[in-house]
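Side chains are part of it too, since the values below use all heavy atoms of this structure and drop only hydrogens, waters and symmetry mates.
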Amino acid sequence: MKQQPNTEKNALTITVPPETLAAIRIAEGIPQLVDLVGTALTTWGAIGTTDPVELGDIHQALTDAADQLPDLLQDLTLLRDAMLTQDNNI
């Protein structure tokens with residue numbers, strides 16, 4: 001017995017709420033932010049540094065951290081608003 005190739009496409013669509021995606025991005029973004037700030041503070045050291053290479057590394061780490069903040073803030077606001085809406089609907 002021969003099987004006929006399946007010519008029908010079965011497509012399923014899963015809708016993920018935006019607040020779930022925001023929570024995932026937050027879970028990925030916060031550790032990255034902590035690592036960048038930690039790198040800057042570790043490089044700075046207890047008494048600071050004047051080494052140009054280290055200052056450049058600190059500047060880059062803090063710039064990268066600052067670049068992440070607007071997206072994290074947007075995701076945190078979205079998640080907070082979704083939670084407030086859910087609490088108000090209970």
Per-pair distances, 0.1 Å, donor-acceptor, side chain in residues 21-48, under 3.5 Å, sequence neighbours excluded:
residue: R25; atom: NE; partner: D75; partner atom: OD1; Å: 3.2
residue: R25; atom: NE; partner: D75; partner atom: OD2; Å: 2.9
residue: R25; atom: NH2; partner: D75; partner atom: OD1; Å: 2.8
residue: Q32; atom: OE1; partner: Q68; partner atom: NE2; Å: 3.0
residue: T39; atom: OG1; partner: D35; partner atom: O; Å: 2.8
residue: T42; atom: OG1; partner: G38; partner atom: O; Å: 2.8
residue: T43; atom: OG1; partner: T39; partner atom: O; Å: 2.7

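Residues M83 and L78 do not share a hydrophobic cluster, clusters being chains of Ile/Leu/Val/Met/Phe/Trp/Tyr side chains in contact below 4.5 Å.
Atom CD of Q86 and atom CG of L84 lie 10.0 Å apart (nearest 0.5 Å). Summarising the geometry, atom CG belonging to D64 is positioned 11.0 Å from atom CG belonging to L69; distances are rounded to the nearest 0.5 Å.
Listed here is the closest heavy atom pair of T49 and E54: OG1-OE1, 2.6 Å.
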